[in-house]
There are 2 protein chains.
Amino acid sequence: MVLNTPVEQPSKETILSVLKAADRIRRHFTEILKPCGLTLQQFNVLRILRGAGPQGLPTLEVGERMIEKTPGVTRLLDRLEEKGLVSRERCHEDRRQQLCTRTQAALDLLAELDEPIVQGDRDTLANLTAQEENELKDLTSRILR
Amino acid sequence: MVLNTPVEQPSKETILSVLKAADRIRRHFTEILKPCGLTLQQFNVLRILRGAGPQGLPTLEVGERMIEKTPGVTRLLDRLEEKGLVSRERCHEDRRQQLCTRTQAALDLLAELDEPIVQGDRDTLANLTAQEENELKDLTSRILR
DNA sequence: TCTATTTCCTTGACAGATCAACTAGTGTTA
DNA sequence: TAACACTAGTTGATCTGTCAAGGAAATAGA
């Protein structure tokens with residue numbers, strides 16, 4: 001998950017700290033989602049599809065919004081379809097595309113999760129002031145750019 | 001990899017930014033390691049074992065230093081052993097333990113990687129001043145704590 | 001209009017993360 | 001010393017990430 005601990009250069013420490021923080025964040029939300037039987041990525045897909053509305057999105061579009069390689073998305077969608085949370089059908093204008101839509105069940109599930117997730121957001125940054133939060137956003141956005 | 005993009009609360013943006021940065025960092029180092037046929041985690045294990053010296057470390061110890069669940073470590077070590085980079089043998093004092101040691105081949109490989117990795121560290125934070133770097137370390141270390 | 005290329009997506013294969021269940025030694029204690 | 005719990009590690013199953021290869025529809029060019 002994370003680079004190891006032997007620390008010499010200060011940069012290494014900083015990088016390590018960023019990676020560890022991301023790791024804690026991921027675990028935190030994974031924990032929140034576990035009772036619903038959703039993984040973090042599945043949840044992301046559902047939220048993206050909720051945002052897309054009833055007309056749905058083609059597979060690649062979903063992938064792009066997740067910064068994710070396509071093959072993973074296909075199989076992610078496979079599982080969500082099996083669970084009845086997503087439905088897919090060929091697009092008529094462009095028959096290469098598969099339009100993915102969230103089902104009503106997905107909307108219900110997401111609605112249940114909204115509060116816990118917002119709370120999770122709060123908990124994640126509970127130790128930072130609003131200003132520090134902005135600073136953190138700024139600094140991380142400038143990493144490797 | 002990352003939470004999706006629909007953004008309402010500022011906390012969400014910050015969290016997203018941290019996750020994305022970690023993602024870029026991970027990809028960056030993965031890229032550096034690819035020519036050597038090592039994954040990031042394999043590299044971590046080898047560095048840990050290099051740090052441990054010739055007497056090696058039991059499997060669980062390796063796992064702890066990686067913030068990693070044990071089962072994963074076992075299989076990680078399996079692959080490294082197949083590649084001839086790690087050797088394992090039962091500990092005589094406590095026959096439950098497997099002592100894992102880096103081989104000479106591993107040391108050679110790591111030596112080759114030291115410079116590229118240090119350069120990778122530099123590149124990662126190239127856009128931050130030393131002070132900003134410290135700030136980033138501080139802020140991330142306070143996330144979810 | 002027919003081939004060549006591109007685009008969208010799927011499949012296969014393998015590394016890795018995580019959970020649950022299990023084996024094999026160790027230690028403890030009655 | 002026999003029974004019990006504990007520790008170290010492995011194995012199996014499922015999900016995800018990534019690469020490489022490929023199919024099928026759309027598009028471009030001759």
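By convention in this document, chain letters (A, B, ...) are assigned in the order of the sequence lines, proteins followed by strands, and residues within each chain are numbered from 1. In what follows, every heavy atom counts, from backbone to side chain, and hydrogens, waters and symmetry copies are set aside. Keep in mind that what you see is a predicted model, and the values were worked out from it rather than measured.
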Under-4.0 Å salt bridge between A:R50 and A:D114 | yes
Rounded to whole angstroms, how far apart are CZ on A:R27 and P on D:dC15?
-> 19 Å
Pair B:V45-B:L80, side chain to side chain contact (heavy atoms under 4.5 Å, CB included): steps then yes or no | CA-CA 9 Å; B:V45 170; B:L80 290 171; 3.6 Å; yes
Under 4.0 Å between any heavy atoms, over every strand shown, what does B:T59 touch: base, sugar-phosphate, or nothing? Just pick one.
-> sugar-phosphate
Which residues satisfy the side chain to side chain contact (heavy atoms under 4.5 Å, CB included) test with A:E133, sequence neighbours excluded?
-> A:L125, B:P10, B:S11, B:T14
Separation of A:L33 atom CG from D:dC15 atom P, in whole Å?
-> 15 Å
By nearest-heavy-atom nucleotide on DNA chain D, the more 5' of A:G72 and B:L77 is B:L77
Between atom CG in B:L60 and atom P in C:dT23, what is the gap in whole Å?
-> 19 Å
Does atom CD of A:Q131 have more than 12 heavy-atom neighbours from other groups under 6.0 Å away?
-> no
What is the distance from CD of A:E89 to C1' of C:dC8, rounded to the nearest Å?
-> 16 Å
Any chance you could list the contact pattern along nucleotides 20-28 of chain D? Use B for base contacts, S for sugar-phosphate-only contacts and - for none, protein heavy atoms under 4.0 Å, 5' to 3'.
-> B----BS--
Take atom CD of A:E82 and atom P of D:dT16, then tell me their distance rounded to the nearest Å.
-> 11 Å
Kindly determine whether B:K34 and B:E31 satisfy side chain to side chain contact (heavy atoms under 4.5 Å, CB included), including the steps that lead there.
-> CA-CA 5 Å; B:K34 192 177 295 172; B:E31 215 49 49; 3.3 Å; yes
Touch class at under 4.0 angstrom, heavy-atom based, for A:R88 against every strand present | sugar-phosphate
Short side-chain N/O contact to C:dT10 OP1/OP2 from A:T74, under 4.0 Å = yes
Residue mapping more 5' on DNA chain D - nearest nucleotide basis, B:E31 or A:L76 = A:L76
Within less than 4.0 Å of OP1 or OP2 of D:dC19, is there a side-chain N or O belonging to B:K34?
-> yes
Let me know the distance between CD of B:E61 and P of D:dT7, rounded to the nearest Å.
-> 15 Å
In a table with atom names and distances, give each donor-acceptor pair under 3.5 Å that connects a side chain of residues 138-145 of chain A to protein atoms at least two apart or in another chain.
residue	atom	partner	partner atom	Å
A:D138	OD2	A:R142	NH1	3.0
A:T140	OG1	A:L136	O	2.7
A:T140	OG1	A:K137	O	3.1
A:T140	OG1	B:S17	OG	2.7
A:S141	OG	A:K137	O	3.3
A:S141	OG	A:D138	O	2.7
A:R142	NH1	B:E132	OE2	3.3
A:R142	NH2	B:N127	O	3.0
A:R142	NH2	B:E132	OE1	2.8
A:R142	NH2	B:E132	OE2	3.1
A:R145	NH1	A:S141	O	3.4

Inspect the contact between B:K83 and B:D78 and indicate whether a charged nitrogen and a carboxylate oxygen are less than 4.0 angstrom apart.
-> no
B:Q42, nearest nucleotide to its side chain (from D:dA8, C:dG16, D:dT11) | C:dG16
Measure the distance from CG on B:D78 to C1' on C:dA15 and round it to the nearest whole Å.
-> 12 Å
Starting from C1' on D:dT16, measure out to CZ on A:R26 and report it in whole angstrom.
-> 12 Å
